[in-house]
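Working notes, beginning with the structure itself.
Numbering starts at 1 and runs along the sequence shown. Scope of the values below: all heavy atoms of this structure, side chains included, with no hydrogens, waters or symmetry mates.
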Amino acid sequence: IRSQPEGAFLGALADMSFLAGRSFMLNYSGTLVTPNIYALFLAPSGMGKEAVRRVGSEVVRIYRPNESIPESFASVQALQNMLCRLRKIYWLHDEFGRDLAVMNGEKTNSNVSSVITESLKVFSNANNRSYLPRVVAQDAKESNNVTGIDRPSLTIFATGNPKEFFDATSETLLRNGYI
């Protein structure tokens, strides 16, 4: 493992984004700005990305000792359900380039695409005081009153191999704002 000052700094920004999420927002020229960030740290294998992710995982463990930190979501419903329950999520997304490749491949995985689309929606709704994600039937049955989320917070710290990332990057992903 080599020293990664840029990755450590980016990871620290993501950690602070998670901790400050939903705690405050700034009024900047009439626009409410929240600290939600989406950070991408690219480095070849064996360069220390795991150490930076481990620190973020420890921050969440101390902040929320009874909750695990997600590294991936099996479905968009899993992301939405966790967001409804916790109101803010820190997603440590490893192997980001591989997920992009799955999404853009001939056999596109609709679950991966849906999670990416939903995470974009959460980012665009960070200032929404009544964001209402889709609620799955089981959750709707257990709740008498489905309420919106006041300023949902999603911090993503993604890591990956530069070659895999650039091979998987597409014009669509550049245009839709995901990367």
Just so I know, are the side chains of [X] and [Y] near enough to count as touching, which here means a heavy-atom distance under 4.5 Å?
X	Y	value
R129	R151	yes
F157	V55	no
I89	L79	yes

Taking a hydrophobic cluster as the set of Ile, Leu, Val, Met, Phe, Trp and Tyr residues connected by side-chain heavy atoms closer than 4.5 Å, whether directly or through intermediates, do [X] and [Y] fall within one such cluster?
X	Y	result
W91	L19	no
M82	I69	no
I156	V60	no
F96	L92	no
Y131	L86	yes

* Only one of V52, V59, L10 clears side chain to side chain contact (heavy atoms under 4.5 Å, CB included) with D15; which? ->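 Among V52, V59, L10, the one that satisfies the side chain to side chain contact (heavy atoms under 4.5 Å, CB included) with D15 is V59.
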* So, K49 side chain and P44 main chain: donor-acceptor pair closer than 3.5 Å or not? ->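 A pair under 3.5 Å: yes.
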* Judged by atom type as modelled, is there a donor-acceptor pair below 3.5 Å linking the side chain of E118 to the main-chain atoms of Q80? ->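 Side chain of E118 to backbone of Q80: no pair is present.
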Which distance, rounded to the nearest 0.5 Å, do you find between the [atom1] of [X] and the [atom2] of [Y]?
X	Y	atom1	atom2	answer
D99	F73	CG	CZ	12.0 Å
D150	R87	CG	CZ	8.5 Å
E71	S57	CD	OG	7.5 Å

* To do: With sequence neighbours excluded, give me every side chain to side chain donor-acceptor pair (under 3.5 Å) pair touching residues 16-26.
  =>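 Those involving residues 16-26 are S17-T155.
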* Asked: Who passes ring-ring contact (aromatic ring centres under 6.0 Å, His included) against Y90, sequence neighbours left out?
  ->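 For Y90, the residues satisfying ring-ring contact (aromatic ring centres under 6.0 Å, His included) (neighbours in sequence not counted) are F18.
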* **Sequence-distant partners of F165, ring-ring contact (aromatic ring centres under 6.0 Å, His included), two or more places apart** =>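 None.
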* Mind checking side-chain hydrogen bond (donor to acceptor under 3.5 Å, both in side chains) for E50 and listing every partner two or more places apart, or none if nothing turns up? =>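 With sequence neighbours excluded, E50 shows a side-chain hydrogen bond (donor to acceptor under 3.5 Å, both in side chains) to R53, given in chain and number order.
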* Mind checking side-chain hydrogen bond (donor to acceptor under 3.5 Å, both in side chains) for T34 and listing every partner two or more places apart, or none if nothing turns up? =>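 None.
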* Asked: Given a cutoff of under 4.5 Å between side-chain heavy atoms of I, L, V, M, F, W and Y, with clusters grown through shared members, what are the other residues clustered with F9?
  ->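 L13, I37, all in the cluster of F9.
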